[in-house]
Novice: 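Here it is, the structure, as structure tokens.
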Amino acid sequence: MTCLPANRLSRFPERSSSPRPPGRRARHIEEGGEHGMTDSPNSSRSAGESVGAALARWRRRKKISGQVLGDKVGMSQAKISRLETGASTPDPQDVRLIARGLELPADEVERLAALAEQSDEQFVEWQAVEPNLPNRQNFVKSLEAPVREVRVFQPAVVPGLLQTSEYARAILEAFRFEVGDGKAAGSDLAVQEAVAARMARSQALYEPDREFHFVMAETVLCNLVCGPLDMLGQIKRLREIAKRPNVAIRIVTLTQRWPVPPANGFELMGDRHVMADLINSSLVSRAGRRAVRQHRHVFDAFEAVATTDIEPILDKYEARYVQMLPGAAA
């Protein structure tokens, strides 16, 4: 209801005795403005307000500095600032921690956490990996380097970090024309450089403070992607790497039922990135924790049905490829 100016009230012969609704100033005070205060989550909230903006609004309303809040919840003032300004993607757990540190009502804590979940989903960005073969290996290495734990699933080929140079060359040769023009991205020189870069990546396996978890389908060993002699060399390398204390290699056998169809290979770099394989490229999720959680759930399901007793399986395929060597007895 709009209140009429005082000079217009005189046009009415009688004034109502019923209470007048509060004016704008009164409503403003009731809602927490000026001398009023409320913990209502709706107070001063604007439509489409981001999680960071909401946290900043609450912090100012509570008259707490970013430094004090950071000390209270165990975060740096810089991190609080990045979350409030939207410079970093809000993690739902961080949002809960900050909201509770601000002593917000329980329903507001959960509202902000849910908003962070939605924000997380919206920020999923799948980025195509560099098509140039050597650059792709260096790009993947840059994602792997900072993380302590790497998890890789492969349904068709030996994971890149476990490949021998001969096996890697055969795989990369097969993708010479992946960019569709057969030019420099798939040239002989590019393949050689990519193989060297992949071997350099694999040196991370020898860093004792890092962990590597590999799950492969048994069909990986069935697929003859290079000659029998090179397949034997690859099996030998799998045996050697499997003995390392920081490396776990598991195989899902041919007779094992899959909990989820093994549609494609993927690699999890810690809890921040996931790289999914396509026929002619790979995609990396750079900011989507939901995508990482989904792939981690699938990886854990595969790992649960895979066996660590891989020696008998390797023995079986070693015998098969020995029989395929030139001059082998029929």
Side-chain angles (χ1 to χ4, degrees), residues 133-134 136-137 140-141 150-178 186 188 190-206 212-244 246-256 258 262-267 275 277-282 302-303 305-330:
L133 294 179
R136 175 184 298 184
Q137 295 302 311
V140 176
K141 182 180 179 180
V150 173
R151 290 174 171 80
V152 184
F153 167 70
Q154 275 295 342
V157 297
V158 172
L161 289 169
L162 299 178
Q163 293 174 7
T164 63
S165 59
E166 293 79 13
Y167 190 99
R169 183 171 292 105
I171 294 293
L172 295 170
E173 282 279 358
F175 290 105
R176 289 182 54 141
F177 301 101
E178 63 180 331
D188 288 335
V191 170
Q192 294 174 17
E193 292 176 346
V195 170
R198 180 164 287 186
M199 295 302 100
R201 273 179 59 205
S202 68
Q203 291 304 303
L205 297 172
Y206 299 94
F212 297 86
H213 304 264
F214 299 95
V215 175
M216 303 181 294
E218 186 175 339
T219 49
V220 165
L221 299 172
C222 295
N223 294 333
L224 191 64
V225 299
C226 54
L229 186 61
D230 291 335
M231 290 298 293
L232 288 170
Q234 181 60 69
I235 290 173
K236 179 181 178 181
R237 175 166 169 80
L238 290 175
R239 292 187 195 275
E240 294 172 351
I241 298 298
K243 295 176 182 177
R244 294 201 55 79
N246 64 324
V247 177
I249 300 178
R250 293 175 171 83
I251 295 176
V252 181
T253 64
L254 295 176
T255 57
Q256 176 63 54
W258 289 90
N264 60 274
F266 59 87
E267 177 174 344
M275 182 173 67
D277 295 337
L278 302 178
I279 293 176
N280 65 340
S281 184
S282 297
F302 290 159
E303 190 176 49
V305 300
T307 179
T308 56
D309 187 18
I310 66 173
E311 285 294 331
I313 302 172
L314 297 179
D315 288 343
K316 177 173 69 173
Y317 289 95
E318 183 178 64
R320 172 184 294 188
Y321 292 124
V322 166
Q323 289 297 314
M324 295 174 64
L325 292 173

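Heavy-atom basis, side chains included; hydrogens, waters and symmetry copies ignored. Here the structure is a predicted model, which means the values were calculated and not measured.
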Novice: Give me the atom names and distance for the closest heavy-atom approach of Gln137 to Ala194.
Specialist: CG-O, 3.6 Å
Novice: In terms of side-chain geometry, is the basic nitrogen of Lys316 or Glu218 positioned less than 4.0 Å from the acidic oxygen of its partner?
Specialist: yes
Novice: Ignoring hydrogens and geometry, is there a side-chain-to-backbone donor-acceptor pair from Glu166 to Asp230 under 3.5 Å?
Specialist: no
Novice: With a 4.5 Å heavy-atom cut-off, do Leu221 and Leu314 have their side chains touching?
Specialist: yes
Novice: To the closest 0.5 Å, what do you measure between SG (Cys226) and CD (Glu173)?
Specialist: 12.0 Å
Novice: As a quick check of understanding, evaluate side chain to side chain contact (heavy atoms under 4.5 Å, CB included) for Val150 and His213, giving each step before the final call.
Specialist: CA-CA 6 Å; Val150 173; His213 304 264; over 6 Å; no
Novice: For Glu267, is there an ion pair with Arg201 - N to carboxylate O distance below 4.0 angstrom?
Specialist: yes
Novice: What closest approach, in Å, do Ser165 and Met199 show between heavy atoms, and which atom pair accounts for it?
Specialist: N-SD, 3.7 Å
Novice: Could you grab the distance from atom CD of Gln256 to atom CD1 of Ile251, nearest 0.5 Å is fine?
Specialist: 13.0 Å
Novice: Can you tell me how far the CG atom of Leu224 sits from the CE atom of Met324, to the nearest 0.5 Å?
Specialist: 4.5 Å
Novice: Working to the nearest 0.5 angstrom, can you tell me the gap between Thr164 OG1 and Gln234 CD?
Specialist: 4.5 Å
Novice: Once rounded to the nearest 0.5 Å, what's the spacing between atom CZ of Arg237 and atom CG of Leu205?
Specialist: 6.5 Å
Novice: With distance as the sole test, does Tyr167 use its side chain to make a donor-acceptor pair with the main-chain N or O of Val158 at under 3.5 Å?
Specialist: yes
Novice: Between Thr219 and Pro155, is there a donor-acceptor pair closer than 3.5 Å when you use the side chain of the first and the backbone of the second?
Specialist: yes
Novice: So do Cys222 and Arg320 actually touch side chain to side chain, heavy atoms under 4.5 Å?
Specialist: yes
Novice: Where does the angle between the aromatic ring planes of Phe266 and Phe153 fall among parallel (under 30°), tilted (30 to 60°) and perpendicular (over 60°)?
Specialist: tilted
Novice: Minimum heavy-atom separation for Pro159 to Met216, with atom names?
Specialist: CD-SD, 3.4 Å
Novice: About how many Å separate NZ of Lys243 and CD1 of Ile249, when rounded to the nearest 0.5 Å?
Specialist: 11.5 Å
Novice: Compare all side-chain heavy atoms of Val215 with those of Val152 and state whether any distance is below 4.5 angstrom.
Specialist: no
Novice: Working note: Thr307 + Ile313, criterion side chain to side chain contact (heavy atoms under 4.5 Å, CB included); need CA distance, chi angles, decisive distance, verdict.
Specialist: CA-CA 10 Å; Thr307 179; Ile313 302 172; 4.0 Å; yes
Novice: Specify the closest pair of heavy atoms between Tyr317 and Leu254, including all atoms of both residues, with the distance to one decimal.
Specialist: OH-CD1, 3.8 Å
Novice: Closer than 4.0 angstrom, basic N to acidic O: yes or no for Arg239 and Glu318?
Specialist: yes
Novice: Taking 4.0 angstrom as the limit, do Asp309 and Arg250 come out as a salt bridge?
Specialist: no
Novice: How close do Trp258 and Ala217 get, heavy atom to heavy atom, and via which atoms?
Specialist: CZ2-CB, 3.6 Å
Novice: To check you understand the geometry: which heavy-atom pair defines the closest contact between Val252 and Ala306, and what is its length?
Specialist: CG2-CB, 3.7 Å
Novice: Please check: side-chain N/O of Gln154 versus main-chain N/O of Val220, any donor-acceptor pairing under 3.5 Å?
Specialist: no
